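Contents: one structure, followed by commentary.
Atoms within each ligand, like the ligands themselves, are counted from 1 in listed order. Small disclaimer: the values here were computed from a predicted structure and weren't measured.
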Amino acid sequence: MSSETSTKETFEYKAEMNQLLNLIVHSLYTHPEIFLRELISNASDASNKVRHLEITDESILDRHKELTIKVQVDEKAQTFSIEDAGIGMSRDDLIENIGTIASSGTLKFLEKMKTDKDKVGDLIGQFGVGFYASYMVTDEITIETRHADKDSVGLRWTSSGQGGYSIEEIDRKERGTKISFKLKDEFKDFSKEYKIKETIKKYSNFAVFPIFVGEEKVNTIEALWTKKKKDLKDKEINEFYKFVANDWEDPLAHLQLSLEGVGSTFKALLFIPQKDSFDLMRTQEHKTVQLYANKVMIVEDCKELLPDYLHFIRGVVDTADLPLNVSREMVQSSPVMQKIKTTITTKVLQWLDKMAKKDTEKYDKFYKTFGKLFKYGINSDFTNKDKVIDLLRFETSTQDEKTSSSFKDYVSRMKEDQKEIYYITGESRSQVENNPNMEYFKKHETEVLFLIDPVDAFIIPSIPEYDGKTIKAIDKGDIDLKEDDQAKDAKENALSGALIDLFKETLKEQAQDVKISKRLVDSAVTLVATADGADKHTEQLMKMMGQDVPKSKRILEVNADHPVIRNLSKRYIANDKDPMLEKCIVQLFESAQLIDDELTSKSEYVKRMMEIMEEATQ
Ligand code: ADP
């Protein structure tokens, strides 16, 4: 069918597509050249897909056609085109993949980008909006394509990027896709060969298919991971990383592996990025590693090669143990994969351990960025749990906020008579530092781990002990505290058991129990969880996740040595019916709630405070 006889159909973009295009055009101006990277990456993906298909399907169009990527520019006409012999697109592909925003994450991405324009460049490739980057440099794009299916037809798609697009049938014999456009005046440099060559060398040097600009092949096609370690230059490695991970920045660290023999034979070049680009919205899973079988890419994002908690790793794994025509399903169930995964996990944990010992600064940076994900290893990887535990880091009460400590560090600083490891959970360092439950530990100079990352509250129940020492929350009821003599005396002098009974009676609805505290020094009262109750932080977290948690009552601990408590004691001895007693008891209880952010009856609290102040100022 020729283009003259076919009808041209027009389609409208959804509202969000217009938004997206608008955003791209207005935010990408600092890196216009990424349009080229995105187009080359799409052409490579399409070539990869067809290479795979060629092995399994004999009937495809242009079987064994050379898979090159051709860029043509015309400086005079100010035009640019890129053509691949890849899998091509059907009409449905064009509508679904090019005409619509595919992922729900993109909408969130849009929202975020409105406030955070600097990040657009970093994220654009990862959100499936890559093709549209070209609208930065042109006003209208034409795609001519034909799918590898032997019954396919040639199609032309055109759009000015505003409002909608049109699709019509054309006469196209060969398989693959050609994308062409005229450059806007301010970007006419991209119609110069030298500029295109320079950009390709910068961003796409490691594309596995030959890229031609005019007649000249411009990229080095090299499987870097097969080189010997000593022959690898840092610069090359960093460039390679940027290429595979679609990142702007150098990686934080890299690991080259070459394993042969017993378990599995594979080579790998793995990276930890500097930043977690998904931290912003967490709407998508991380992209992980590419799987190659003898230098041919078979899976672009092979999550099965790494356990979930190591999904921040990027890079390439190449094995000779898988046949080229392996299907994705086969990859998933292959025992080869399981072996590689086990080996990679062990190697990555060793790598992190070495980094933690030799380059603390780097490790801390990694931990800050990916720690949240990494920590889940404790709950999910039983075999390596202990290794992951050793790699955990915390701020602590005796170290400044810049210093992170492992359990091992903590244990090495423990005093001789200290038998347990203590921690407190909370939202920030200042919040936990000022928690009344810290008073005892400050006074006795006993170190307390600060678990101030929300994830910590989830993992800590899985670590009951370290090095034979029980790990305990300091705001739980059953802590084995030394009772110093002073407090003991004070307790006996100031508090008759009867006053405590009055506390219990007054608060019988609100508190699980009332006890004389051994952990308070400066504060009058504090609330602690019962030994088996969820602590406040866990409760809040569960609530945050939409889970209904029955609120467990807490234990009120009273500081017998505090002047207010002593005064109450005196009043009680003078007149145990004194109405001030009850008022103060409720007020004390609610003050403890207030500190824990749990006070609900604020107006009553204030009213009662006024009454007490009124009496005090008479
Ligand atoms: P992404 O590549 O991140 O998925 P793009 O907007 O760049 O996002 O492309 C959207 C989709 O369009 C691709 O996933 C692919 O299915 C299709 N596509 C783009 N370019 C090509 C091409 N050259 N050949 C075949 N399909 C393509």
Side-chain angles (χ1 to χ4, degrees), residues 13-14 16-17 20-21 23-25 28 34-53 60-62 65 67-72 80-107 109-110 120-138 141-149 152 154-159 161 165 167 172 174-181 203-204 207-209 211 243-247 277-278 283-287 290 297 299-301:
Y13 284 134
K14 294 215 177 102
E16 58 266 31
M17 185 60 119
L20 178 68
L21 289 170
L23 193 82
I24 286 173
V25 174
L28 269 184
I34 79 154
F35 88 89
L36 188 54
R37 182 187 73 176
E38 298 303 325
L39 291 179
I40 288 179
S41 141
N42 284 350
S44 295
D45 289 351
S47 306
N48 244 316
K49 283 182 195 155
V50 87
R51 173 143 78 180
H52 214 190
L53 204 62
I60 66 164
L61 202 63
D62 300 336
K65 187 176 180 190
L67 292 170
T68 54
I69 297 168
K70 290 179 186 143
V71 178
Q72 301 276 359
F80 169 95
S81 76
I82 177 167
E83 180 158 21
D84 62 65
I87 193 155
M89 281 177 275
S90 65
R91 198 169 174 283
D92 286 352
D93 289 341
L94 283 171
I95 295 171
E96 275 161 34
N97 300 334
I98 302 278
T100 330
I101 295 181
S103 72
S104 60
T106 312
L107 289 177
F109 162 80
L110 272 174
V120 173
D122 290 338
L123 292 165
I124 219 140
Q126 296 157 346
F127 272 85
V129 294
F131 165 77
Y132 283 94
S134 298
Y135 281 106
M136 178 65 214
V137 297
T138 183
I141 302 180
T142 301
I143 303 175
E144 288 168 313
T145 185
R146 185 165 172 191
H147 194 268
D149 191 296
S152 66
L155 295 166
R156 179 187 292 131
W157 176 101
T158 38
S159 173
Y165 57 93
I167 298 177
R172 182 181 163 96
E174 61 289 1
R175 179 191 79 194
T177 304
K178 180 177 184 178
I179 294 172
S180 42
F181 45 80
Y203 290 114
S204 311
V208 285
F209 300 98
I211 305 170
F243 173 71
V244 283
N246 235 347
D247 198 346
S277 37
F278 292 104
T283 49
Q284 271 195 343
E285 292 184 327
H286 285 85
K287 278 207 172 159
Q290 301 178 340
M297 195 210 280
V299 184
E300 209 235 317
D301 176 15

If you count the atoms of ligand 1 from 1 in the order shown, which ones are under 4.0 Å from a heavy atom of Phe131?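 In order of numbering, the contacting atoms are 5 (P), 6 (O), 7 (O).
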Measure Thr177 to ligand 1 on non-hydrogen atoms and call it side chain, backbone, both or neither using the 4.0 Å cut-off.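 The side chain, only.
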Between Phe80 and Phe35 (judged by ring centroids, cut-off 6.0 Å), do the two rings come close enough to count as a pair?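 Under 6.0 Å, so yes.
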Taking the minimum heavy-atom distance to atom 24 (N) of ligand 1, which of Ala133, Ala148, Ala46 ranks first?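 Answer by nearest heavy atom: Ala46.
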Out of Asp93, Ile40, Ile143, Asp84, who gets a non-hydrogen atom closest to atom 22 (C) of ligand 1?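 Residue with the shortest heavy-atom distance to the ligand atom: Asp84.
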Tell me whether the count of non-hydrogen atoms from other residues, nucleotides or ligands lying under 6.0 Å of NZ in Lys65 goes above 12.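 Yes, NZ of Lys65 has more than 12 neighbouring heavy atoms, counting only those of other groups under 6.0 Å.
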Between Glu83 and Arg172, is there a side-chain N and carboxylate O pair less than 4.0 Å apart?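 Looking at Glu83 and Arg172, the cut-off is met.
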Could I get the full list of ring-ring contact (aromatic ring centres under 6.0 Å, His included) partners for Tyr165, not counting sequence neighbours?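 By the ring-ring contact (aromatic ring centres under 6.0 Å, His included) rule, Tyr165 matches Phe11, Tyr13, Trp157.
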Under the 3.5 angstrom rule, does the side chain of Asp45 hit a backbone N or O of Asn42 as a donor-acceptor pair?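 Pair absent, no side-chain N/O of Asp45 close to backbone of Asn42.
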Is it the case that ligand 1 has an N or O less than 3.5 angstrom from some N or O of Asn42?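 Yes, since at least one N or O of Asn42 sits under 3.5 Å from an N or O of ligand 1.
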Ligand 1 contacted by Glu38 (non-hydrogen, < 4.0 Å):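 Outside the 4.0 Å threshold, so no.
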